[in-house]
Number of protein chains: 2
Amino acid sequence: MQEELTPRQQMILNLVVREYVQSTVPVSSRTLVERYGLGISSATVRNELARLEELGYLTHPHTSAGRVPTPKGYNHFVERLLGEVELPLHERRTIAHQFYQARGDFDQWMPLAASILARTARGAALVTAPQPEQSRYKHLQLIATQGRLVLLVLVLRGGTVKQQMLNLTEPLDQQALSEASDRLNQLLSGLTASEIAARVHTLPPFEANVAELVIGIMERTDARPAGTVYRDGLSEVLQEPEFSEGEHAQGLIRVMEERSFLEAVLADALSPEVGSIRVLIGGEGRWDELRACSLVLGRYGVAGFATGALGVVGPTRMLYGRAISAVRFISGVLSEMVYEMYAE
Amino acid sequence: MQEELTPRQQMILNLVVREYVQSTVPVSSRTLVERYGLGISSATVRNELARLEELGYLTHPHTSAGRVPTPKGYNHFVERLLGEVELPLHERRTIAHQFYQARGDFDQWMPLAASILARTARGAALVTAPQPEQSRYKHLQLIATQGRLVLLVLVLRGGTVKQQMLNLTEPLDQQALSEASDRLNQLLSGLTASEIAARVHTLPPFEANVAELVIGIMERTDARPAGTVYRDGLSEVLQEPEFSEGEHAQGLIRVMEERSFLEAVLADALSPEVGSIRVLIGGEGRWDELRACSLVLGRYGVAGFATGALGVVGPTRMLYGRAISAVRFISGVLSEMVYEMYAE
DNA sequence: TTTTAGCACTCTCGTGTGGAGAGTGCTAAA
DNA sequence: TTTAGCACTCTCCACACGAGAGTGCTAAAA
């Protein structure tokens with residue numbers, strides 16, 4: 001059994017993947033020699049194709065059809081043949097510019113990132129909001145609305161804003177609420193949920209009540225594996241020929257739509273290391289619904305402070321080069337933004 | 001030409017719709033008499049079916065197939081035959097309870113509403129966040145992060161929270177920022193964007209700068225036809241047989257995914273009147289992508305203050321009764337919540 | 001006038017057949 | 001080791017055929 005692929009086998013595998021990705025049609029020995037002017041005959045190519053199939057890098061839909069890469073084939077392509085890819089300079093500039101224009105507008109970042117990622121990688125994009133490893137209190141404001149109903153606005157370190165309603169047993173005016181907010185802000189600044197819990201008993205009764213609520217919000221935030229998920233580009237990807245028949249589309253739609261499924265995939269496939277990129281091809285045996293899909297997943301943010309995930313979903317026959325470079329570049333941009341938010 | 005349907009025609013149309021919705025199969029005269037024990041022969045039913053087809057309420061996929069309702073048929077069914085429908089008491093109780101449990105947790109309302117609506121109506125659900133007709137300033141807080149970077153948290157009347165980063169030309173400490181916030185809060189409380197613009201020139205330079213930013217945020221908020229759109233249940237609906245072949249699924253996915261398309265449909269189809277429900281069947285000729293889909297749309301909130309939209313999307317062969325009653329009931333629940341938020 | 005029985009007619013659907021075309025796998029020679 | 005040549009296999013398309021489902025029509029019955 002041959003261990004390593006010969007250089008010519010590597011080249012042919014490379015061409016098969018590129019040609020198939022582009023044409024969506026199983027590729028034959030003849031197209032290969034004609035289209036790429038290899039100086040060898042189709043019979044030779046056929047021998048090599050047969051060898052590559054024996055080794056598990058390619059398959060046959062049926063005897064008299066061309067070759068199609070297997071997940072193993074794609075994997076080898078991504079790991080060994082793709083090389084270092086980067087988005088062209090003008091695209092990087094355009095993307096940076098779009099983020100720059102939205103630099104202040106916090107609420108826009110995530111949808112913008114999803115939209116740019118989808119367009120750049122030509123796939124369906126997923127972005128989760130940055131999530132601190134452990135949330136820390138930054139600022140709180142109690143705002144009177146009507147009667148005994150109060151709006152609590154809690155800002156966590158990193159800029160996450162949470163809101164909650166609370167019902168007072170007796171009405172308090174804005175003046176009193178602001179004073180209580182100020183007291184809490186002085187005492188709790190920079191603390192985690194458990195640190196706050198440790199000193200609740202030192203607070204006056206009303207403030208203690210509010211602090212309990214705050215602890216609840218922070219614990220709930222920390223318990224969630226990922227915040228909101230932003231999506232884009234699903235409908236474009238569903239037009240790809242492999243999804244025209246419902247069956248294969250299911251997996252794709254489930255990753256994009258079902259939160260629990262996405263979280264399971266992320267938890268399983270995504271290393272917590274910021275900057276690393278993981279390519280999951282054809283579900284890797286574990287996710288049968290994703291047999292026809294590949295995912296390119298990355299993590300952005302600042303390790304130890306806050307991180308989020310972003311990814312591209314497409315058919316196994318996807319533009320891995322674009323997807324990987326897009327995920328890498330955009331995750332870099334987002335990491336910088338998170339860094340700015342957390343440095344202090 | 002016959003103007004009104006005879007009672008028997010009404011009954012037969014009713015049965016055809018119900019049977020087809022349930023079985024997904026074109027319904028024949030024989031199934032009708034057998035399944036529902038009409039006291040008449042299949043030949044008589046066939047005559048009536050032919051008449052209903054002539055009048056445009058039913059069609060034929062082909063000569064020797066059973067009947068399928070046309071959009072006109074569904075429309076008549078919804079308008080005249082469905083009657084007043086309401087969710088069973090225990091479902092209403094369950095739903096009310098779920099909302100009650102999330103009563104304080106503002107951020108949960110919309111995803112919860114989408115999820116409940118999808119499950120109850122057995123369709124794909126869309127919910128837009130309540131959007132005030134004109135936003136009014138309620139509260140602002142400037143929070144120092146690092147150096148000259150400041151987080152601006154703006155609360156609008158009705159509880160909408162917006163955040164924005166700003167870069168100072170010279171650093172200010174939290175003390176100074178809080179004082180500026182307090183001054184702005186006293187001067188701007190309850191004002192609209194244009195009212196704030198009218199008195200910017202009376203403010204000291206730093207506060208004026210912040211006020212300009214606030215105006216920008218508020219104007220952007222008011223310009224958006226709808227806030228964030230919350231979705232749920234798409235993948236379930238896509239399993240319906242009519243969407244198994246890609247073509248028809250496109251329209252459904254576009255409504256759910258493409259913001260601009262959804263906004264166009266909402267603007268066109270949805271009356272601004274709170275509480276009214278609009279049923280859009282088969283795209284009504286205007287939206288060809290929705291040929292195979294129906295929408296049940298409603299508006300909730302408090303007219304003149306803030307309203308949002310919610311809707312169910314499904315195949316034309318959808319459970320109109322459930323969908324309409326679910327939209328009505330949930331829009332009632334949401335309206336109450338909005339009312340609480342705005343009453344002051 | 002309305003309803004019904006009966007029957008011919010039409011259309012789908014599954015299956016089978018045959019020919020064209022694409023592409024391979026193998027063999028034997030270069 | 002490479003290559004030319006050729007048989008073989010499989011898909012795809014078109015066509016045909018019979019079974020089955022359901023209608024539309026006609027003529028008789030209520």
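Below, chain A is the first sequence line, B the second, and so on; all start at residue 1.
- Atom CG of L32(A) and atom P of dT3(D) are 14 Å apart (whole Å).
- Residue-level contact check: S42(B) touches neither bases nor backbone, having no heavy atom under 4.0 Å from any strand.
- Between E19(A) atom CD and dG23(C) atom P the separation is 11 Å, expressed in whole Å.
- Side-chain nitrogen and oxygen atoms of R67(B) include at least one within less than 4.0 Å of the OP1 or OP2 phosphate oxygen of dG24(D).
- Nucleic acid contact for A65(A): sugar-phosphate only, since backbone atoms but no base atoms lie under 4.0 Å from a heavy atom of the residue.
- Across all non-hydrogen atoms, the minimal contact from Q9(B) to E4(B) is OE1-O, 4.5 Å.
- Straight-line distance from the CG atom of L49(B) to the P atom of dG24(D): 8 Å, rounded to whole Å.
- Atom P of nucleotide dG22(D) and atom NE2 of H62(B) are separated by 9 Å, given to the nearest angstrom.
- Donor-acceptor pairing under 3.5 Å, judged by distance alone, is absent between the side chain of R30(A) and the base of dG23(C).
- Here dG23(C) presents its P atom at 15 Å from CG of L58(A), a figure rounded to the nearest Å.
- Between E48(B) atom CD and dC25(D) atom C1' there is a gap of 16 Å when expressed in whole angstrom units.
- Atom pair R46(A):CZ and dG25(C):C1' shows a separation of 8 Å (rounding to whole Å applied).
- Checking side-chain atoms of R317(A) against main-chain N and O of V21(A) turns up a donor-acceptor pair under 3.5 Å.
- Looking only at side-chain heavy atoms (C-beta outward), V16(A) and L49(A) come within less than 4.5 Å of each other.
- Residue S29(B) places at least one side-chain N or O closer than 4.0 Å to OP1 or OP2 of dT23(D).
- Look at CD1 on I12(B): it is 12 Å from P on dT23(D), rounded to the nearest Å.
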